[in-house]
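Just so we're on the same page: letters track the sequence lines, and every chain starts at 1.
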Protein chains: 2
Amino acid sequence: MKVIHYNPSSLEEAVKIIRDALTSKKLMVIYGCCTIIYEGRGASRLTQGDRLVIVKRDGSVLVHRPFGYSPVNWQPETTDISLSVENGELVMKALRLTPREILEIRFTKIYTITHAILDDRGEFIEYLSEEEIRDYLSKNPSTIEEGLITIDVEKRVEPGFIDLYCRDRNGNVVIIEIKRTTASKDAVLQLKRYIDAVKKYMPRERIRGIIVAPSISKSALELTEKLKLEYKRIDISQIYKVLRSRQRGKSLLHYIGKAKS
Amino acid sequence: MKVIHYNPSSLEEAVKIIRDALTSKKLMVIYGCCTIIYEGRGASRLTQGDRLVIVKRDGSVLVHRPFGYSPVNWQPETTDISLSVENGELVMKALRLTPREILEIRFTKIYTITHAILDDRGEFIEYLSEEEIRDYLSKNPSTIEEGLITIDVEKRVEPGFIDLYCRDRNGNVVIIEIKRTTASKDAVLQLKRYIDAVKKYMPRERIRGIIVAPSISKSALELTEKLKLEYKRIDISQIYKVLRSRQRGKSLLHYIGKAKS
DNA sequence: CGTGCCAGGTGCCAT
DNA sequence: ATGGCACTTGGCACG
């Protein structure tokens, strides 16, 4: 990686430096004092202050304040970034077509610009996604209940996708909704919709519904009982442990959240 | 704003530079080659590559790849950032207590570090938030329906908050759920829950429910009809225009999305 | 602190 | 493009 720092003495010079980064598709970081206008799906104004502006090679623009995780303004993958100097301000407009949105950054002062070309071909591996947990449970349904058999995964029904479509040891249809974090009322209602949809096709059968999650909110549990559904707690860190040990990787799950309820 | 660039010749030197930024609560940008481990609510690994790492004064950590809006790994407001050199790698651990999560960045090479103190006391003004739209509609309920009267805003009921609690010209209770973007099935179900909750208290009254949004998904509209609820389209850009003209600011709504359906 | 809910949510994948 | 849904969602307000 090569990083180049610039300290432009004028806004005109800054324009050239920024334009160079855009055409050569470099990653750029700008430290400057600016005001910002955004209009599109929403609209916002940000009055003057020092900010960190990142422009990536795909045209993504991020404006960061000195605190907080989220950028205060942004533009994901803009088609077009235009530059100009107007009334002593360097104006950067990042335009996006769908949805039609514009981010306008007006710099009154630019302190530093850095250019860099990052060689990043790293692989990003994610564990413990809902998909991984679903996959594990579909192959190990007895984790949920002894005698359970998986019939279908991600089964399409009218209102959406059923995570696991199973039968229990008594032959009843069991519909399972998996959540990797605390299950909310929304999850319970989602499950209810699936059951109602399946009931249409098999009006005589008894259909069970189980929310499978590491924990559940109080009101969601009440709703579960009211709707005659069930809740089954699972231990996410336990699943993680099993999966990782199989994959011959050392286990590092000291921080994996333990479920509480 | 003052920006200082460092090009540490060793990882030990880099540790000192980073520590200095942390103790003096500066904003720091690190260009380096690293591998990353994350464990907490989820878990992930990122193999070696060049990245941009931002550490803010509140301990937020962002790891950016050369493309895309979202950071590949992050930590929002960590309690604790520790540094060490292990096996020729600079290890930065950002710990968060609730939820318990750890982000471990292992740098094999650090190219550049920049420190900066940003003077950002700018005011961020957001327009067209659901709150602003709700406020407007509560004061101008006839936008939704002639003769509608607002009784309560953000009324607390058991399942949550009712956006607008109104009565129509015939004295019927009308519960309104506002969405600033396309209303989904979730929005409809949310409204249904509120109506059921209110019905408990007034079992004899006819209670109407209206989804108010610039557009609605096809399946959500079907659900609306099935549940005998209503949908009323509103023109967001029109509301924006009225609000802005009142606030004596020039209107800049060329980019404000026009609703379609 | 948990629970609920908005967000310019973003991202991924399906039709 | 639209829709349905997960996300280390983040963020805020409220009990």
Side-chain angles (χ1 to χ4, degrees), chain A residues 38-44 60 68-77 96 98-103 126-134 154 156-161 163 177-187 190 193 215-221 236 255-257 260-261, chain B residues 38-44 60-61 68-77 94 96-103 126-134 154 156-163 177-187 190 193 215-221 236 255-257 260-261:
Chain A
Y38 157 74
E39 293 201 0
R41 288 167 293 175
S44 71
S60 325
Y69 158 83
S70 324
V72 62
N73 280 111
W74 69 94
Q75 197 70 287
E77 280 197 78
R96 199 180 167 199
T98 49
R100 194 165 177 78
E101 297 189 293
I102 191 161
L103 181 67
E126 234 188 309
Y127 303 114
L128 284 180
S129 63
E130 209 227 29
E131 190 187 348
E132 194 187 45
I133 295 167
R134 187 204 307 139
E154 281 287 273
R156 183 94 180 86
V157 288
E158 195 282 307
F161 296 88
D163 282 333
E177 175 64 31
I178 302 163
K179 289 290 162 208
R180 55 179 296 291
T181 54
T182 306
S184 66
K185 276 183 291 189
D186 271 357
Q190 205 176 327
R193 269 190 281 161
S215 58
I216 188 164
S217 78
K218 196 164 158 285
S219 65
L221 185 60
I236 298 284
Y255 292 95
I256 296 291
K260 277 172 235 147
S261 57
Chain B
Y38 157 73
E39 293 200 0
R41 287 167 295 176
S44 71
S60 326
V61 181
Y69 158 82
S70 323
V72 61
N73 280 112
W74 70 91
Q75 198 71 287
E77 278 198 84
R96 198 180 167 200
L97 295 179
T98 49
R100 192 164 177 79
E101 297 188 294
I102 191 161
L103 180 67
E126 235 190 308
Y127 303 114
L128 286 179
S129 63
E130 208 226 30
E131 190 187 348
E132 194 187 45
I133 295 166
R134 188 205 306 140
E154 281 287 272
R156 184 94 180 89
V157 288
E158 193 282 306
F161 296 88
I162 293 173
D163 282 333
E177 175 62 33
I178 302 164
K179 288 291 161 206
R180 56 176 302 289
T181 54
T182 306
S184 65
K185 275 182 292 189
D186 272 357
Q190 203 177 327
R193 267 189 281 161
S215 58
I216 188 165
S217 78
K218 195 166 158 283
S219 64
L221 185 60
I236 298 285
Y255 293 94
I256 297 291
K260 276 172 236 149
S261 55

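- In this structure, B:Glu177 reaches the sugar-phosphate backbone alone: every heavy-atom distance under 4.0 Å involves primed, P, OP1 or OP2 atoms, never a base.
- Residues passing the side-chain hydrogen bond (donor to acceptor under 3.5 Å, both in side chains) test with A:Glu130 are A:Arg134, sequence neighbours excluded.
- Nucleotide C:dG4 holds its C1' atom 11 Å from the CD atom of B:Glu154, rounded to whole Å.
- Put simply, A:Ser184 has no side-chain N or O that comes within less than 4.0 Å of OP1 or OP2 on C:dG4.
- Taking atom C1' in both C:dA7 and D:dC5, the straight-line distance is 16 Å, to the nearest Å.
- Spacing between atom CZ of A:Arg193 and atom C1' of D:dC5 amounts to 10 Å, rounded to whole angstrom units.
- When the side-chain hydrogen bond (donor to acceptor under 3.5 Å, both in side chains) test is applied to B:Thr182, the partners found at least two apart in sequence or on another chain are B:Ser215.
- For A:Ser60, the side-chain hydrogen bond (donor to acceptor under 3.5 Å, both in side chains) criterion is met by A:Asp58, not counting sequence neighbours.
- Of the side-chain N and O atoms in B:Gln190, one or more sit less than 4.0 angstrom from OP1 or OP2 of C:dC6.
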So B:Glu101 and B:Arg41, side chain to side chain contact (heavy atoms under 4.5 Å, CB included) or not? Walk me through it. CA-CA 7 Å; B:Glu101 297 188 294; B:Arg41 287 167 295 176; 2.8 Å; yes

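- Remark: A:Pro71 engages A:Leu62, A:His64, A:Trp74, B:Tyr69 in a side-chain contact (heavy atoms from CB on, under 4.5 Å) (not counting sequence neighbours).
- One finds no side-chain N or O of B:Lys185 lying less than 4.0 angstrom from the OP1 or OP2 phosphate oxygen of D:dG3.
- Put simply, CG on B:Asp186 is 15 Å from P on C:dA7, counting in whole angstrom units.
- In this model, the phosphate group of C:dC5 is not approached by any side-chain N or O of B:Arg134 to a distance below 4.0 Å at OP1 or OP2.
- A gap of 12 Å separates the C1' atoms of C:dG9 and C:dC5, to the nearest Å.
- OP1 or OP2 of D:dG4 lies within a sub-4.0 Å distance of a side-chain N or O belonging to B:Ser217.
- On the C1' atoms, C:dT10 is 14 Å away from C:dC6, given to the nearest whole Å.
- Judged as a side-chain hydrogen bond (donor to acceptor under 3.5 Å, both in side chains), and not counting sequence neighbours, B:Ser184 has no contacts.
- Considering only side-chain N and O atoms, A:Lys218 lies nowhere under 4.0 angstrom from the phosphate OP1 or OP2 of C:dT3.
- Rounded to an integer number of Å, the gap from CZ of B:Arg100 to C1' of C:dG2 is 19 Å.
- Atom CD1 of B:Ile133 is separated from atom P of C:dC6 by 12 Å (rounded to the nearest Å).
- A distance of about 16 Å separates the P atoms of C:dG11 and D:dG11, rounded to the whole Å.
- Rounded to whole angstrom, the span from the NZ atom of A:Lys179 across to the P atom of C:dG4 amounts to 14 Å.
- Here the P atom of nucleotide C:dC13 and the CD atom of A:Glu131 are 9 Å apart, to the nearest Å.
- B:Asp163 places its CG atom 17 Å from the P atom of C:dG4, with the value rounded to the nearest Å.
- At the phosphate of C:dG4, OP1 or OP2 sits under 4.0 Å from a side-chain N or O atom of A:Ser219.
- The same atom, C1', is picked in D:dT8 and in C:dA14; the two are 25 Å apart, to the nearest Å.
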Quick one: what's the B/S/- string for nucleotides 8-15 of chain D, heavy-atom cutoff under 4.0 Å, read 5' to 3'? BSSS----

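- Under the 4.5 Å side-chain criterion, counting only non-hydrogen atoms from C-beta, B:Asp163 is in contact with B:Glu154.
- For the pair B:Arg180 (side chain) and B:Leu128 (backbone), a donor-acceptor distance under 3.5 Å is present.
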